[in-house]
Asks: 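Please find one structure pasted underneath; my questions will follow.
Residue numbers begin at 1 in each chain, while the letters A, B, ... track the order of the sequences.
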Protein chains: 2
Amino acid sequence: MLSTTEENYLKALLQLTIEQVDKSEAGTNELAAHLGVKPATANDMLKKLREKQLIHYEKYGKSSLTVEGRKKAIEIVRKHRLWETFLYEHLGFTWDEVHEVAEQLEHIQSSKLIDKLDELLDYPSFDPHGDVIPSATGEMKIPEKKTLNEETVGHQCKMVGVKDNSATFLQYVDKVGLRINQPIKVLARQPYDELIEIEVNGLKSSVSPRFADNIIIVCHDCETQTRTC
Amino acid sequence: MLSTTEENYLKALLQLTIEQVDKSEAGTNELAAHLGVKPATANDMLKKLREKQLIHYEKYGKSSLTVEGRKKAIEIVRKHRLWETFLYEHLGFTWDEVHEVAEQLEHIQSSKLIDKLDELLDYPSFDPHGDVIPSATGEMKIPEKKTLNEETVGHQCKMVGVKDNSATFLQYVDKVGLRINQPIKVLARQPYDELIEIEVNGLKSSVSPRFADNIIIVCHDCETQTRTC
DNA sequence: TATTTTTGTTAGATTAACCTAACATTTATA
DNA sequence: TATAAATGTTAGGTTAATCTAACAAAAATA
């Protein structure tokens with residue numbers, strides 16, 4: 001059984017090595033800064049996690065997760081994102097409120113709890129920030145994010161975020177029925193004025209390219225990289 | 001901000017002093033045994049909690065909660081029981097599974113989380129074990145528990161537990177529509193054979209005194225002691 | 001390449017929560 | 001009431017996670 005602190009180090013290492021492309025290692029100072037501790041503290045923990053065979057680490061070298069460490073880290077990310085989704089969808093938390101509480105909830109130890117939560121949420125693929133929720137088997141699909149304006153006509157996609165946070169824009173978003181995790185169908189694009197016809201939950205709307213440029217989506221039909229651990 | 005351990009000591013002290021009638025103090029050994037630690041450990045913590053003005057404690061004396069300590073303890077019990085209710089009602093956990101996970105969840109720090117959970121559960125008064133859930137304001141009603149057989153005709157009550165755990169009994173319980181937290185109306189008692197007519201969620205049934213003796217209830221209309229902290 | 005800057009390590013200290021072993025006080029009982 | 005038993009306390013030690021300060025290695029740059 002890992003301590004909350006150990007779990008946080010594994011998660012940090014995953015975040016630092018997966019989210020930056022072409023980089024599967026992190027330095028001690030970098031890791032310490034990410035966790036808000038001093039390098040000396042991180043150094044001790046790196047040695048401890050190496051003993052437990054959860055990371056690769058050599059003196060003066062960068063660190064990376066082992067297969068086992070990566071599995072644990074993905075499990076924590078999965079729990080974090082499922083809790084965020086629960087807080088957002090069932091308890092009316094806003095985007096910016098979910099993270100802090102999920103940081104605590106992700107360390108609750110109960111596999112049944114997570115399975116049941118997943119079921120309650122109907123096996124979501126994305127959290128309220130539009131980030132992928134790893135599956136129970138530890139698979140983590142990393143779909144390409146693009147804007148609604150870049151989506152191909154005829155494709156089905158899903159809103160995962162916005163670029164513009166102004167009130168006028170967000171009200172507009174709301175008006176056409178859009179929200180995080182909302183599926184969108186791109187029906188057509190008017191050749192005359194470039195307006196994009198979309199269908200959201202049965203409601204058809206036409207939106208401008210400018211509007212569409214500010215909606216971040218992931219494509220349902222597009223190829224996704226799948227990384228298993 | 002209290003640590004998880006400090007919270008557990010306060011909760012233990014509340015449980016040891018409220019559940020036993022006529023006893024609002026607990027000894028060091030008793031407390032230590034309840035928490036599964038050595039008396040020396042509990043002793044250190046008692047001094048620490050006294051410093052924080054959360055308990056009354058004097059060398060070689062018994063300990064009790066201060067008004068402030070009691071408030072904190074009740075808040076933890078409230079969280080524990082709300083989480084138990086959530087696990088039972090929304091995630092399909094069984095009675096005996098909820099406690100262990102709630103022990104962890106009760107320490108999550110977020111007042112919004114608890115308020116929203118309370119709302120989601122529709123402000124329940126009892127947890128799946130039939131124990132009272134303290135209100136948001138820290139009031140803790142302690143209704144008298146009795147069996148269904150002891151309930152007065154015409155009264156409304158609520159099932160909070162069973163005395164018999166045999167499969168035949170539990171199937172019967174299920175058949176008449178009974179479950180934890182289920183309101184019951186006692187319609188009549190047949191003078192001829194003592195059968196009790198009850199109404200459960202619109203469904204009327206007649207049950208024997210033997211059956212009714214094994215159903216633990218709390219009375220809705222009866223007087224309850226209210227203890228505020 | 002020599003030097004400075006950045007990065008990483010070690011040693012030693014601190015705090016919280018636990019322990020054991022020895023001791024002190026209170027309570028029960030012979 | 002004297003003594004045994006139960007209960008409570010203290011002193012000193014351990015582990016996990018943190019720190020600071022001093023030092024070592026690697027990387028950047030003049």
Side-chain angles (χ1 to χ4, degrees), chain A residues 1-13 16-17 20 22-65 69 72-73 76 103-104 106-109, chain B residues 1-13 16-17 20 22-65 69 72-73 76 103-104 106-109:
Chain A
M1 186 71 74
L2 297 173
S3 70
T4 293
T5 310
E6 288 170 327
E7 289 194 344
N8 282 335
Y9 277 84
L10 293 180
K11 190 180 60 156
L13 208 40
L16 289 173
T17 58
Q20 277 96 316
D22 277 345
K23 186 159 172 292
S24 60
E25 314 178 300
T28 305
N29 284 9
E30 189 187 2
L31 190 62
H34 190 262
L35 287 161
V37 298
K38 298 290 154 171
T41 307
N43 189 261
D44 284 348
M45 184 56 89
L46 289 176
K47 289 187 213 157
K48 189 175 165 194
L49 292 173
R50 178 184 48 192
E51 280 311 297
K52 295 194 174 189
Q53 317 225 315
L54 295 168
I55 66 165
H56 300 295
Y57 162 73
E58 273 174 286
K59 211 170 159 178
Y60 293 110
K62 309 267 179 191
S63 306
S64 62
L65 293 164
K72 303 266 190 197
I76 300 155
E103 283 289 294
Q104 298 178 62
E106 72 190 5
H107 301 294
I108 302 291
Q109 306 286 292
Chain B
M1 186 72 75
L2 297 173
S3 70
T4 293
T5 310
E6 287 169 328
E7 290 194 344
N8 283 335
Y9 277 84
L10 293 180
K11 192 181 57 155
L13 208 40
L16 289 173
T17 59
Q20 277 94 317
D22 276 345
K23 183 157 173 294
S24 61
E25 316 179 297
T28 305
N29 283 10
E30 188 186 3
L31 190 61
H34 191 260
L35 287 162
V37 298
K38 298 290 151 174
T41 306
N43 189 261
D44 285 349
M45 184 58 89
L46 288 175
K47 289 187 212 157
K48 189 174 164 194
L49 292 173
R50 177 183 50 192
E51 280 312 297
K52 295 195 174 188
Q53 317 224 316
L54 295 167
I55 65 166
H56 300 294
Y57 162 74
E58 273 175 287
K59 209 168 158 177
Y60 293 110
K62 308 264 179 193
S63 305
S64 62
L65 293 163
K72 303 266 189 198
I76 300 155
E103 283 289 295
Q104 298 178 62
E106 71 189 5
H107 302 293
I108 302 292
Q109 305 285 263

Asks: Considering only side-chain heavy atoms of B:Asn43, which listed nucleotide, D:dT9, D:dT20, D:dT7, is closest?
Replies: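 Between D:dT9, D:dT20, D:dT7, the one nearest the side chain of B:Asn43 would be D:dT9.
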Asks: Report yes if at least one side-chain N or O of A:Thr41 is closer than 4.0 Å to OP1 or OP2 of D:dC19; otherwise report no.
Replies: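 Checking A:Thr41 against D:dC19: at least one side-chain N or O falls below 4.0 Å of OP1 or OP2.
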Asks: Reading DNA chain D from 5' onward, which residue's closest nucleotide shows up sooner: B:Tyr60 or A:Glu6?
Replies: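 The 5'-side residue here is B:Tyr60.
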Asks: A:Tyr9 side chain N/O closer than 4.0 Å to the phosphate oxygens (OP1, OP2) of D:dT18?
Replies: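 For D:dT18, OP1 or OP2 has a side-chain N or O of A:Tyr9 closer than 4.0 Å.
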Asks: Rounding to a whole Å, what distance do you find between B:Lys48:NZ and D:dT9:P?
Replies: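 So the NZ-P distance, B:Lys48 to D:dT9, works out to 17 Å.
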Asks: Could you tell me how far apart A:Leu35 (CG) and D:dC19 (C1') are, to the nearest whole angstrom?
Replies: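 These atoms are roughly 15 Å apart.
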Asks: Within a 6.0 Å radius of atom NZ on A:Lys38, are there more than 12 heavy atoms belonging to other residues, nucleotides or ligands?
Replies: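 Counting other residues, nucleotides and ligands, NZ of A:Lys38 stays at 12 neighbours or fewer.
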Asks: Between atom NZ in A:Lys59 and atom P in D:dA26, what is the gap in whole Å?
Replies: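 Interatomic distance, NZ of A:Lys59 to P of D:dA26: 10 Å.
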Asks: Hey, could you give me the CD/OG1 distance between A:Glu103 and A:Thr4, rounded to the nearest 0.5 Å?
Replies: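 So the CD of A:Glu103 and the OG1 of A:Thr4 are separated by 11.0 Å.
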Asks: Can you identify which nucleotide, out of D:dT7, D:dT9, D:dC19, has its nearest atom closest to the B:Tyr57 side chain?
Replies: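 It is D:dT9.
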Asks: Check B:Glu6 with B:Lys52, please: is the shortest side-chain N to carboxylate O separation under 4.0 Å?
Replies: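 The answer is yes: the pair qualifies as a salt bridge.
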Asks: Touch check for A:Ala42, heavy atoms < 4.0 angstrom, all strands: base, sugar-phosphate only, or nothing?
Replies: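 The answer is nothing, as A:Ala42 stays clear of every strand by at least 4.0 Å.
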Asks: Please check this pair: side chain of B:Gln53 against backbone of B:Glu51, looking for a donor-acceptor N/O pair closer than 3.5 Å.
Replies: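 No; zero donor-acceptor contacts below 3.5 Å.
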Asks: Whole angstroms only, please: what is the NZ-C1' distance between A:Lys38 and D:dC23?
Replies: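 After rounding, the reported distance stands at 18 Å.
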Asks: Taking CD from B:Glu30 and P from D:dA6, how many angstroms apart are they, rounded to a whole number?
Replies: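 Spelled out: CD on B:Glu30 to P on D:dA6 is 16 Å.
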Asks: Between B:Thr28 and B:Pro39, which heavy-atom pair has the shortest distance, and what is it?
Replies: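 Smallest interatomic distance, heavy atoms only, reads CG2-O, 3.8 Å.
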Asks: Roughly how far, to the nearest 0.5 Å, is the CG atom of B:Leu46 from the CG atom of B:Leu31?
Replies: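 The CG atom of B:Leu31 sits 5.5 Å away from the CG atom of B:Leu46.
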Asks: Nucleotide range of DNA chain C contacted by chain A, 5' to 3', under 4.0 Å to a heavy atom?
Replies: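 Terminal contacting nucleotides, 5' to 3': C:dT7 to C:dT10.
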Asks: How many Å lie between CG on B:Asp44 and P on D:dA11, as a whole number?
Replies: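 From B:Asp44 CG to D:dA11 P: 11 Å.
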Asks: Could you grab the distance from atom OH of B:Tyr9 to atom CG of B:Leu54, nearest 0.5 Å is fine?
Replies: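 Spacing of OH (B:Tyr9) from CG (B:Leu54) equals 14.0 Å.
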